[in-house]
Amino acid sequence: MPNHNQYLFLLSFSLTFGILLLVSFWVSAFLTARDIHLRNLILIGLPKDPQHPEMDVHSIQDFIKTFTQEDAIALVQTPAFLASAGLAAVAFYWLAFSERKPVLNPNEWKEFPLVLKTQVSPNTAIYRFSLPSSKDVFGLPVGQHIQVSAEINGKDIMRSYTPTTLDQFDKGHFDLLIKTYEKGNISRHFSLLKIGDRIRVKGPKGAFIYNNKLTGHLGLIAGGTGISPMYQIIRSSIWDHSDATTINLIYANVNEEDILLRDELEHLHHNSAGRFNIFYVLNNPPPGWKGGVGFVTKEQVAHYMPSQDKDCKILMCGPPPMMSAMKKHLDELKYPAPRTVSKLADQVFLF
């Protein structure tokens with residue numbers, strides 16, 4: 001059965017075709033009454049005397065010599081011409097200025113093709129998927145995520161991912177930052193995708209939706225690819241000049257080369273007018289490293305995160321062992337314990 005959009009397309013196509021057909025009949029009759037026959041236009045450029053092709057050829061002037069300036073004025077004033085001009089204006093406005101309907105549907109799986117893969121670390125890549133049109137918006141509120149489904153060994157496997165792209169800046173595509181794990185079903189499936197291969201997506205999902213009035217201070221703790229929802233929120237906040245939220249990020253990784261989106265994060269830091277600061281922590285730091293060393297400590301959380309008695313929220317995303325350790329640190333610092341399933345109203349939110 002055709003869906004709503006397909007019915008709408010058929011209706012608009014039929015209406016446009018009908019109007020253009022009526023306009024063509026009207027204009028043809030108007031010109032014929034002035035002894036201008038559109039069928040003769042095919043003769044333009046052909047010799048008037050086939051026996052002497054070197055002589056004069058038919059030109060456009062031969063067919064419009066009886067068409068005066070008054071006829072031109074009369075033509076543009078006909079209902080047919082006005083209707084076609086109005087239709088063209090409406091079509092141009094719709095194509096150029098109308099707001100596109102979001103592509104995502106929380107109740108329907110949709111497929112999107114891979115158009116670009118960018119390796120950003122030895123085991124992590126950014127996968128770019130194309131939307132149906134270059135002007136389409138994905139339809140994902142800041143802070144929410146999508147579900148990705150793939151059939152692996154005869155079973156449908158689903159995982160949740162947060163795109164790093166934003167609707168207000170990124171039209172026609174969405175990007176996923178994914179680390180490949182040796183035993184990870186979906187992550188290995190991504191690593192094997194070729195350009196043109198499709199993934200199935202449904203969304204938006206999730207309880208967290210960011211807005212610039214949500215809180216005065218954000219404390220973010222991320223590990224590895226857990227930076228994805230954080231980066232989305234930071235980017236939305238920093239480029240919103242009406243947003244006064246201060247943001248502190250603790251970002252933990254194993255090696256320096258594992259720091260994902262580092263250039264993008266530091267670009268945001270340098271353009272934040274002091275609103276956004278980053279503290280990196282590495283298990284295996286290089287010589288001369290000035291950030292944190294080892295695991296994220298309670299002292300680092302106390303120093304870089306806003307205190308629990310402020311108007312603040314603490315957001316966390318990363319590997320389960322790291323998140324367990326962070327919950328213990330926050331509990332010892334008298335922050336409220338996060339729920340099993342976090343809610344937007346919670347002071348401590350675990351993605």
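Between the side chain of Asn248 and the backbone N or O of Met305, no donor-acceptor pair lies under 3.5 Å. Side-chain N or O atoms of Gln300 include one that pairs as donor or acceptor with a backbone N or O of Thr297 at under 3.5 Å. Looking at Ser236, its side chain never comes within 3.5 Å of a backbone N or O of Leu166 through a donor-acceptor pair. Under a 3.5 Å cut-off, the side chain of Gln232 and the backbone N or O of Thr162 do not form any donor-acceptor pair. Distance alone, capped at 3.5 Å, is enough to place a donor-acceptor pair between the His269 side chain and the Phe276 backbone. Under a 3.5 Å cut-off, the side chain of Asp170 and the backbone N or O of Asp167 do not form any donor-acceptor pair. A donor-acceptor pair is defined here as one N or O able to donate and one able to accept, closer than 3.5 Å; such a pair exists between the side chain of Gln347 and the backbone of Gln308. The backbone N or O of Asn255 sits nowhere less than 3.5 Å from a side-chain atom of Asn253 that would complete a donor-acceptor pair. At least one donor-acceptor pair closer than 3.5 Å links the side chain of Gln119 to the backbone N or O of Thr124.
The minimum heavy-atom distance linking Pro163 with Phe138 is given by the pair CG-CE2, 3.9 Å. Nearest heavy-atom pair across Pro204 and Pro106 is O-CB, 4.1 Å. For the residue pair Pro141 and Ile209, the shortest heavy atom distance occurs at CB-CG2, 3.9 Å. The two residues Gly226 and Pro229 come nearest to each other via the heavy atoms O-CD, 3.4 Å. Between Gly223 and Pro319, the shortest heavy-atom distance links the atoms O-CD, 3.7 Å. Contact between Leu344 and Ala207 at its shortest, heavy atoms only, is CB-O, 3.5 Å.
Hydrophobic cluster membership is shared by Leu260 and Phe351, with clusters built from Ile, Leu, Val, Met, Phe, Trp and Tyr side chains linked at under 4.5 angstrom. Residues Leu177 and Phe169 fall within the same hydrophobic cluster, defined by Ile, Leu, Val, Met, Phe, Trp and Tyr side chains chained together at heavy-atom separations under 4.5 Å. Hydrophobic clustering places Met316 together with Leu333 (ILVMFWY residues linked when any side-chain heavy atoms are closer than 4.5 Å, directly or through intermediates). Connection of Leu265 to Val142 is established within a shared hydrophobic cluster, with ILVMFWY side chains joined at heavy-atom distances below 4.5 Å, either directly or through further cluster members. Linking ILVMFWY side-chain heavy atoms closer than 4.5 Å, directly or via other members, places Met322 and Phe349 in two distinct hydrophobic clusters.
At least one side-chain heavy atom of Ile238 sits under 4.5 Å from a side-chain heavy atom of Arg275. Between Tyr231 and Leu220, every side-chain heavy-atom pair lies at or beyond the 4.5 Å cut-off. Taking 4.5 Å as the limit, every side-chain heavy atom of Ile146 sits out of range of all side-chain heavy atoms of Lys202. Tyr304 has its side chain out of reach of Leu249: every pair of non-hydrogen atoms, C-beta onward, lies at least 4.5 Å apart. Using a 4.5 Å cut-off on side-chain heavy atoms (C-beta onward), Leu315 and Ile233 make contact. Side-chain atoms of Leu268 and Asn271, non-hydrogen and from C-beta on, never get closer than 4.5 Å to each other. Side-chain contact check for Val201 versus Lys110: every heavy-atom pair is 4.5 Å or farther apart. Residues Ile157 and Ser149 are not in side-chain contact: their nearest non-hydrogen atoms beyond the backbone lie 4.5 Å or more apart.
Classified by interplanar angle (parallel below 30°, tilted 30° to 60°, perpendicular above 60°), the ring pair Trp239/His267 is tilted.
The line from NZ of Lys179 to OG of Ser187 is 9.5 Å long, rounded to the nearest 0.5 Å. Here the CH2-CE distance, from Trp109 to Met158, works out to 5.5 Å after rounding to the nearest 0.5 Å. For the atom pair Leu104 CG and Gln147 CD, the distance stands at 11.5 Å (nearest 0.5 Å). In this structure, Asn283 CG and Glu256 CD are separated by 13.5 Å, a value rounded to the nearest 0.5 Å. The CG atom of Leu116 lies 7.5 Å from the CG atom of Leu114; values are rounded to the nearest 0.5 Å. Note: Tyr181 OH to Ser191 OG = 13.0 Å, rounded to the nearest 0.5 Å.
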**Request:** Check the pair Leu140, Phe174 against side chain to side chain contact (heavy atoms under 4.5 Å, CB included), reporting the backbone distance first and the verdict last.
**Result:** CA-CA 10 Å; Leu140 185 73; Phe174 66 94; over 6 Å; no
**Request:** Report the C-alpha separation of Arg235 and Thr164 in whole Å, then their side-chain angles, then the decisive distance to 0.1 Å, and conclude whether the side chain to side chain contact (heavy atoms under 4.5 Å, CB included) test is met.
**Result:** CA-CA 9 Å; Arg235 189 179 174 210; Thr164 56; over 6 Å; no
**Request:** Could you give me the CA-CA distance, side-chain angles and deciding distance for Arg200 and Val148, then say whether side chain to side chain contact (heavy atoms under 4.5 Å, CB included) is met?
**Result:** CA-CA 6 Å; Arg200 287 185 295 166; Val148 175; over 6 Å; no
**Request:** For Ile199 and Phe129, run side chain to side chain contact (heavy atoms under 4.5 Å, CB included): C-alpha distance rounded to whole Å, both residues' side-chain angles, the deciding distance at 0.1 Å, then the answer.
**Result:** CA-CA 9 Å; Ile199 62 166; Phe129 296 90; 3.6 Å; yes
**Prompt:** Run the side-chain hydrogen bond (donor to acceptor under 3.5 Å, both in side chains) check on Tyr335 and Ser307 step by step: do they pass?
**Reply:** CA-CA 8 Å; Tyr335 289 89; Ser307 61; over 6 Å; no
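Salt bridge present: Glu332 and Lys298 bring a charged side-chain N and a carboxylate O closer than 4.0 Å. Between Asp346 and Lys313 there is no salt bridge, since none of the side-chain N atoms of the basic residue sits less than 4.0 Å from a carboxylate O of the acidic one. Ion pairing of Lys117 with Asp175 is absent here, as no side-chain N (NZ or NE/NH1/NH2) approaches a carboxylate O to less than 4.0 Å.
Taking the ring centre of Tyr280 as origin, the terminal cationic atom of Arg262 falls inside the region bounded by 6.0 Å and 45° from the ring axis.
The environment of Lys205 atom NZ is dense: over 12 non-hydrogen atoms of other residues, nucleotides or ligands sit within 6.0 angstrom. The neighbour count for Glu182 CD, taken as heavy atoms of other residues, nucleotides or ligands under 6.0 Å away, does not exceed 12.
Between the side chains of Asn123 and Ser121, at least one donor N or O sits under 3.5 Å from an acceptor N or O. For the residue pair Ser130/His173, the side-chain donor-acceptor check at 3.5 Å is not satisfied.
Remark: aromatic rings of Tyr161 and Phe190 are close, center separation under 6.0 Å.
When the options Asp243, Asn211, Asn212 are evaluated for a side-chain hydrogen bond (donor to acceptor under 3.5 Å, both in side chains) with Ser237, the one that passes is Asp243.
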